[in-house]
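Below: the structure, in structure tokens.
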Amino acid sequence: MGKILDQIRSPKDLKSLGKEELDALCEELREAIIDTVSHNGGHLASNLGVVELTVALGLAFDPPQDTILWDVGHQSYAYKLLTGRGGQFSTIRKEGGLAGFPCREESPYDLFTCGHSSTSISAALGVSEANHLQGKEDYVVAVIGDGALTGGLAYEGLNNAGRLHRNLIVILNDNTMSISKNVGSMARYLTYIRTKPGYIKVKNNVESSLQRLPVVGKAIARSLRRLKDAIKKLFYNSTIFDDFGFAYYGPFDGHDLKELTETLESAKLIHKPVLLHVRTYKGKGYQYAEQDPSIYHGLSGFDVTTGDTGEQPKNFSSEFGETLCQLAEDDSRICAITAAMQDGTGLTGFRERFRDRFYDVGISEEHAVTFAGGLAAGGMLPVFAVYSTFLQRAYDQLIHDVALQHTKVVLAIDRAGLVGEDGQTHQGLFDVAFLRTIPGVTVYSPCYFRELRLQLAYLMEQGQGLCAIRYPRGKELYKPSGFHSTVEPVAFYGPEDAPIALVTYGRLFSFAAECAERLERLGLPVRVIKLNRIVPIDPQAVQAALPCRHVFFFEEGIRQGGVGEEFSCLLQEAGFAGSYHLHAVEDPFVRHAPMFRSLEALGLNAAGMERAILAQCDEERGGARR
């Protein structure tokens with residue numbers, strides 16, 4: 001890190017720096033972020049875009065006494081560097097290191113753990129109200145991007161916040177589009193004047209003095225306020241934020257540190273909710289990220305000198321996208337929906353080929369599901385491609401707006417299971433448990449690319465009602481020789497008369513096959529029962545496990561409400577007399593670590609399965625000897 005950044009232990013240290021030192025600090029922050037992300041992976045463009053804004057927040061406020069909340073949180077790297085975590089920054093996204101998002105357990109400066117979009121305004125209002133109830137006058141600032149502002153929760157927060165006169169400041173970090181029209185040089189001049197501390201102090205003093213005048217004072221104050229509003233509307237037009245009850249100012253240059261700091265100081269003098277509109281550029285300060293911020297949004301690593309991000313291998317997302325395009329060629333009813341994740345879910349090709357049937361609805365998963373329900377009710381065949389962790393937000397809509405309607409909607413659930421370095425907020429461990437509760441749902445879980453293609457085609461052609469296909473992040477893993485992928489609800493691997501059954505689904509089948517082969521070499525035959533369709537479970541799978549002395553179920557999802565618990569119930573109902581052992585995720589908030597390391601730690605890889613089975617066999621032999 002740079003010599004100035006090395007001296008920063010908290011935002012208080014910023015206040016003693018001069019202009020040249022602050023400018024140099026901004027460059028050092030960018031260098032530290034670029035260097036670390038190039039090695040560790042993470043979010044680059046968004047973090048480079050808020051460097052000056054982060055420094056300005058540290059100059060104008062006193063965190064952690066004043067609360068700074070970052071929406072989504074993938075742009076909080078500079079904030080971590082300025083809040084006593086600079087010495088640990090090289091560990092970000094590494095096992096045991098800093099999280100890639102704000103984390104309450106990590107620092108008192110992170111009051112609210114986050115990784116999902118559009119939460120900051122509601123959370124900030126809650127913190128502000130808590131301060132008020134406790135007699136505190138500390139400031140609360142929510143930093144929300146224009147992308148996050150497409151989420152309905154943000155507007156619910158705005159609607160509620162505008163009614164309360166609290167020390168709440170919302171900063172709209174606009175890095176792609178203009179939110180409100182800015183008319184000419186006069187409008188810019190008025191914005192500049194109105195946000196000067198001197199103007200606001202005089203305005204507050206005049207209004208306060210008029211309120212104290214007998215008889216006519218309040219009437220004059222009201223008249224002046226109406227005149228001010230009329231002039232404001234003449235030059236600015238009315239913004240949606242004004243209508244919500246916020247004092248709206250902007251847009252401002254988000255890379256002008258002096259202007260930003262002055263503006264934030266001014267906002268502190270306005271005793272009502274304030275919204276500051278700030279224009280920034282993603283990737284600021286790094287040529288390659290400036291030229292293509294979408295590619296440099298989230299990376300696994302890159303070459304700083306050349307910007308090379310390396311060859312992207314085939315993965316489940318790209319296979320899904322290609323397959324959906326092939327299906328859409330033959331069926332004009334097929335539509336694709338994404339919630340601001342076109343690239344991540346593999347839908348870029350679909351958008352290019354079927355533009356009139358492609359819908360990016362912004363970061364609004366609830367709307368996406370209900371919109372899909374409407375498309376289906378109107379005779380189309382919608383596919384909503386969404387990360388498992390983000391589908392959690394649309395549970396009500398899945399029940400009420402799809403299942404209850406008995407319409408056909410297909411969910412393509414990406415990043416199912418463990419996702420690795422993105423950590424607690426992004427693990428895809430809950431979708432199976434909550435989907436199982438929805439009446440009439442059908443869920444498939446492929447392990448290989450071919451299975452994804454076959455199962456997706458089957459659901460599109462023959463599936464009924466709410467259907468889902470869930471698949472992991474990344475590439476396919478080990479496939480045993482002679483094993484053939486199928487669309488059948490259940491598949492088998494290993495001897496039919498084996499005394500031990502290993503039941504699983506999704507990519508864990510790769511580990512289960514490896515485990516079975518290892519145990520076979522030790523003279524312990526194991527039959528692997530692979531659930532292709534996990535909801536509902538096919539009776540054939542239960543019947544195959546019934547004769548076994550031991551049944552082991554391994555699940556890359558939460559234990560409570562998972563498929564493993566359902567399989568146990570079905571076995572007991574069928575009169576199973578053997579022993580049943582369920583290995584799933586007991587603590588669903590799995591911290592960040594490389595994906596394979598997490599699988600190992602949870603005992604869900606081949607070695608973990610082998611240990612569990614051998615331990616049970618050893619225990620059985622020990623009991624027999626006694």
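Values below: every heavy atom of this structure, side chains too, minus hydrogens, waters and symmetry copies.
- Using a 4.5 Å heavy-atom cutoff, the side chains of Tyr77 and Phe89 are in contact.
- Nearest heavy atoms, Cys103 versus Gln424: SG-NE2, 4.2 Å.
- Taking each heavy atom of Val278 and Ile171 in turn, the nearest pair found is CG2-CG2, 3.9 Å.
- Contact check for Leu149 versus Tyr155: side-chain heavy atoms found under the 4.5 Å cut-off.
- Residues Val361 and Ala339 come closest through the heavy atom pair CG2-CA, 4.2 Å.
- Across all their heavy atoms, Leu81 and Ala32 have their closest contact at CD1-CB, 4.1 Å.
- Side-chain contact between His271 and Asn167 is present, with heavy atoms from C-beta onward closer than 4.5 Å.
- Leu125 is listed as a side-chain neighbour of Asn160, based on a closest heavy-atom distance under 4.5 Å.
- Summarising the geometry of Ile4 relative to Glu21, their closest heavy-atom pair is CD1-O, 3.5 Å, with the distance given to 0.1 Å.
- For the ring pair (Phe, Tyr, Trp, His ring centres under 6.0 Å) with Tyr395, the lone residue among Phe434, Phe430, Phe390 that qualifies is Phe434.
- Heavy-atom neighbours of Lys15 NZ from other residues, nucleotides or ligands within 6.0 Å: above the threshold of 12.
- No side-chain heavy atom of Cys26 sits less than 4.5 Å from a side-chain heavy atom of Glu31.
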- Evaluate the criterion side chain to side chain contact (heavy atoms under 4.5 Å, CB included) for residue pair Phe61 and Lys268; output intermediate values, then yes/no. CA-CA 9 Å; Phe61 296 95; Lys268 292 162 62 176; 3.6 Å; yes
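- Not a single donor-acceptor pair under 3.5 Å links the side chain of Gln405 to the backbone N or O of Gly373.
- Looking only at side-chain heavy atoms (C-beta outward), His277 and Thr239 stay at 4.5 Å or farther from each other.
- His43 is not listed as a side-chain neighbour of Gln75, based on a closest heavy-atom distance of 4.5 Å or more.
- Shortest non-hydrogen contact noted between Leu25 and Leu82 is CD2-CD2, 4.3 Å.
- In this pair, Phe241 and Tyr248 present their aromatic rings parallel. The plane angle is below 30°, not in the 30 to 60° band.
- The only member of Lys258, Lys284, Arg30, Arg279 that meets salt bridge (charged side-chain N to carboxylate O under 4.0 Å, His left out) when paired with Glu52 is Arg30.
- Remark: side-chain polar atoms of Thr407 are not paired, donor with acceptor, to backbone N or O of Ala376 under 3.5 angstrom.
- Looking only at distances, a side-chain donor or acceptor of Thr91 sits under 3.5 Å from a matching main-chain atom of Leu98.
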- Message: Between Val141 and Thr67, does the side chain to side chain contact (heavy atoms under 4.5 Å, CB included) criterion hold? Intermediate values first, please.
- Response: CA-CA 6 Å; Val141 181; Thr67 301; over 6 Å; no
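- In this structure, Leu172 CG and Tyr249 OH are separated by 16.0 Å, a value rounded to the nearest 0.5 Å.
- No donor-acceptor pair closer than 3.5 Å links the side chain of Ser122 to the backbone N or O of Thr119.
- Remark: side-chain polar atoms of Asp71 are paired, donor with acceptor, to backbone N or O of Ser118 under 3.5 angstrom.
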- Message: Does Asp146 form a side chain to side chain contact (heavy atoms under 4.5 Å, CB included) with Asn173? I'd like the steps, not just the answer.
- Response: CA-CA 6 Å; Asp146 53 291; Asn173 175 31; 5.9 Å; no
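- Within the 3.5 Å criterion, the main-chain N or O of Asp431 finds no donor-acceptor partner in the side chain of Gln392.
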- Is there a side chain to side chain contact (heavy atoms under 4.5 Å, CB included) between Phe589 and Asp587 once you walk through the steps? CA-CA 6 Å; Phe589 298 123; Asp587 181 358; 4.0 Å; yes
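- The main-chain N or O of Tyr139 is found under 3.5 Å from a side-chain atom of Asp66 such that the two form a donor-acceptor pair.
- Inter-residue side-chain proximity for His297 and Pro293 is flagged as unmet; no heavy-atom pair is nearer than 4.5 Å.
- Between Phe101 and His426, the ring planes lie parallel to each other; the angle is under 30°, not in the 30° to 60° tilted range.
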